[in-house]
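The chain is numbered in sequence order, starting from 1.
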Amino acid sequence: MSLTDKYDIDMSCFILLFMAAIYPLVVIPFPLYINFPAGIIVPSGKVPLGYFYAPRYIMLAVLSLAGFIILVKNKVNLKHPVFIPLAFFICFFLISTLLASNQVTAWIGSLRRFTGFSTYFFCFIMFILASCSSRPLRILKCMAGCAAFISLLAVFQHFEINLVPYPPLREGFRPFGTLANPDFLGTYTVFILPAAIFFYLRSSKVSWLACAGLIYAALLVSYTRGAWLSFALVFTVITVYVIKFTSKKKLLGLVMVTFILVTALLLPTRDSSLASRATSISSEVSSAVQLEDSAGSHRMTIWKQAAALLPKYWAFGMGPDHLIYAGIRTPGGIADKTHNIYLEKAVTTGVFSLLSYLAFIGFFIIPRKGFYNFMFFTMVLAYLAQGFFNIDVVMVLPLFWIVLGLYLNCICNPEHFFQGSYSV
């Protein structure tokens with residue numbers, strides 16, 4: 001291996017480690033305002049560009065472009081079959097972008113989301129980098145460690161101790177860690193939690209059990225019901241797997257005991273608001289079954305009106321991040337996302353884009369033999385399950401694509417994870 005090759009490997013590893021361990025922590029407050037069409041987001045037309053979204057988009061762009069240079073220089077092999085549906089997804093997404101009415105929004109995203117075509121292209125680069133990494137476990141462990149730290153900040157916020165800079169409108173919000181919004185914290189924690197659980201099952205180290213307990217605590221205090229339901233599904237899958245295929249039942253029992261203790265400690269806090277939130281799930285499900293507009297914090301209103309746009313925009317969508325121009329109103333204001341990542345793709349980038357995305361992601365939701373394969377499967381399942389109620393955001397989306405790349409790495413290069421068999 002030449003010095004240049006070694007430098008490229010180290011640089012790509014640095015990019016991924018930075019994304020895993022530093023990127024989720026970035027919060028940069030600065031008083032820069034961007035003019036935006038008045039009445040679309042805020043009546044004044046002034047949008048604050050700072051704190052959570054813009055800094056991470058800029059950081060993702062810089063790191064991805066550096067990664068792109070490395071990939072082009074090394075002529076990375078993209079011959080795996082999974083790249084076929086991914087290529088179609090990117091092509092249809094690009095067509096939607098080119099046909100969109102507002103090109104700035106389509107390419108960059110709305111100024112409070114930053115999930116336009118460029119963000120997905122940057123995620124695509126991260127996916128390839130992760131699929132080629134020679135240190136995948138180090139990257140994932142850093143991701144889980146960072147999630148534990150953010151979870152600790154969220155628990156502090158639950159007890160009204162906030163250590164994270166935030167604009168005045170964040171006053172009174174539920175805990176959000178460093179993720180700008182409690183729902184995003186729920187997405188982040190339910191997605192990363194399976195990694196901490198599996199690392200504990202693999203190593204028996206108390207530090208990983210503590211890490212899992214912290215992330216679970218943050219998931220609870222996010223008050224995100226969609227993420228809670230996703231966790232219930234995923235933890236059931238993990239339990240069945242461990243009982244049926246491994247000898248780690250005792251360790252799983254300790255995980256369960258830890259989660260029960262964390263739940264018991266948090267339930268009485270804040271006037272038992274967690275219990276109230278949990279008991280509201282049944283009424284929300286009943287409202288959703290009856291298609292009431294108020295169901296899911298008025299998500300049903302958004303879903304109905306977004307679905308009504310499909311006959312007009314079914315082929316290539318109205319444009320990435322363009323839902324804000326549809327004028328869908330809820331009691332909370334103008335809706336700029338559908339709060340369902342699948343309906344979002346159908347309406348904004350078209351049915352062809354959605355189908356190719358589902359074909360691509362379908363490769364990763366096939367359970368495969370092997371401890372680490374199953375760990376990645378549960379992480380992907382957690383993200384996709386909560387995606388029925390939440391949205392793709394620039395703070396979490398790149399991490400999801402990195403995990404997809406690490407999963408492909410595990411499938412194609414198991415020697416990067418450990419020597420020997422897949423047995424637990």
Side-chain angles (χ1 to χ4, degrees), residues 1 5-26 56 59-71 74 76 80 82 122-151 178-179 187-203 205 207-208 211-212 214-215 364 368 370-383 394-419 422:
M1 179 184 296
D5 292 338
K6 186 176 185 303
Y7 171 79
D8 289 341
I9 292 174
D10 290 343
M11 188 61 188
S12 63
C13 183
F14 168 80
I15 291 171
L16 293 171
L17 287 172
F18 193 95
M19 288 295 300
I22 305 299
Y23 181 81
L25 297 172
V26 175
R56 302 208 205 175
M59 188 170 295
L60 174 64
V62 171
L63 292 173
S64 298
L65 292 176
F68 182 73
I69 293 171
I70 294 173
L71 294 175
N74 292 333
V76 174
H80 194 280
V82 77
F122 298 149
C123 289
F124 171 56
I125 294 171
M126 290 295 171
F127 170 73
I128 300 175
L129 284 175
S131 70
C132 302
S133 175
S134 60
R135 300 178 180 90
L137 280 182
R138 182 183 298 181
I139 294 164
L140 193 59
K141 287 178 179 178
C142 286
M143 194 179 291
C146 180
F149 178 72
I150 291 174
S151 298
T178 60
L179 281 299
T187 297
Y188 178 68
T189 51
V190 76
F191 165 56
I192 303 293
L193 182 53
I197 294 172
F198 274 89
F199 283 142
Y200 172 64
L201 295 178
R202 186 77 185 177
S203 67
K205 292 182 178 179
S207 57
W208 282 118
C211 181
L214 266 176
I215 298 173
F364 298 98
R368 293 175 171 83
F371 186 80
Y372 288 120
N373 277 334
F374 203 82
M375 174 186 69
F376 285 119
F377 164 74
T378 55
M379 294 182 73
V380 173
L381 179 63
Y383 186 89
V394 72
M395 289 81 76
V396 184
L397 184 62
L399 304 180
F400 173 62
W401 281 76
I402 288 172
V403 166
L404 291 178
L406 295 177
Y407 191 2
L408 182 62
N409 194 330
C410 186
I411 295 168
C412 299
N413 306 296
E415 68 278 2
H416 288 169
F417 289 77
F418 48 77
Q419 300 295 324
Y422 278 119

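- Minimum interatomic distance between Gly67 and Ile125 (heavy atoms only, all atoms of both residues): C-CG2, 4.0 Å.
- One finds the CG atom of Leu129 at 10.0 Å from the CE atom of Met19 (value rounded to the nearest 0.5 Å).
- Of the inter-residue distances, the one linking Ser12 atom OG with Leu63 atom CG reads 12.0 Å to the nearest 0.5 angstrom.
- Taking the side chain as every heavy atom from C-beta outward, Tyr407 and Arg368 approach each other to under 4.5 Å.
- Shortest non-hydrogen contact noted between Met379 and Ala195 is SD-CB, 3.8 Å.
- In terms of the side chain to side chain contact (heavy atoms under 4.5 Å, CB included) criterion, residue partners of Ser203 (sequence neighbours excluded) are, by chain and number, Lys205, Trp208.
- Contact annotation: the side chain of Ile402 approaches that of Met143 to within less than 4.5 Å [non-hydrogen atoms, C-beta and beyond].
- Between Val380 and Phe400 the shortest side-chain heavy-atom distance falls below 4.5 Å.
- The two residues Leu193 and Ala212 come nearest to each other via the heavy atoms CD1-O, 3.4 Å.
- In terms of the side chain to side chain contact (heavy atoms under 4.5 Å, CB included) criterion, residue partners of Ile22 (sequence neighbours excluded) are, by chain and number, Phe18, Val26.
- We find the CD1-OH distance between Ile192 and Tyr188 to be 5.5 Å, quoted to the nearest 0.5 Å.
- Annotation: side chain to side chain contact (heavy atoms under 4.5 Å, CB included) contacts of Ser131 (sequence neighbours excluded): Ile128, Leu408.
- One finds the CG atom of Asn409 at 11.5 Å from the CG atom of Leu140 (value rounded to the nearest 0.5 Å).
- With Thr378 as the partner, the side-chain contact (heavy atoms from CB on, under 4.5 Å) test is satisfied by one option alone out of Phe198, Phe191, Tyr383: Phe198.
- A heavy-atom distance below 4.5 Å is found between the side chains of Met59 and Tyr23.
- For the atom pair CG (Leu399) and CG (Leu16), the distance works out to 10.5 Å, reported to the nearest 0.5 Å.
- Considering CD1 of Ile69 and OG of Ser64, their distance stands at 11.0 Å, rounded to 0.5 Å.
- Counting heavy atoms from C-beta outward, Ile215 and Cys211 have side chains that approach closer than 4.5 Å.
- Using the six-membered ring where Trp is involved, Phe374 and Phe377 have ring planes that are tilted, between 30° and 60° apart.
- Residues Leu404 and Met126 have side chains not in contact (no heavy-atom distance under 4.5 Å, counting atoms from C-beta outward).
- Here the side chains of Phe199 and Leu137 are in contact, with some heavy-atom distance below 4.5 Å.
- In terms of modelled atom types and a separation under 3.5 Å, the side chain of Thr178 and the main chain of Pro24 share a donor-acceptor contact.
- The two residues Leu214 and Ala148 make their nearest non-hydrogen contact at CD1-O, 3.8 Å.
- Contact annotation: the side chain of Leu179 approaches that of Arg56 to within less than 4.5 Å [non-hydrogen atoms, C-beta and beyond].
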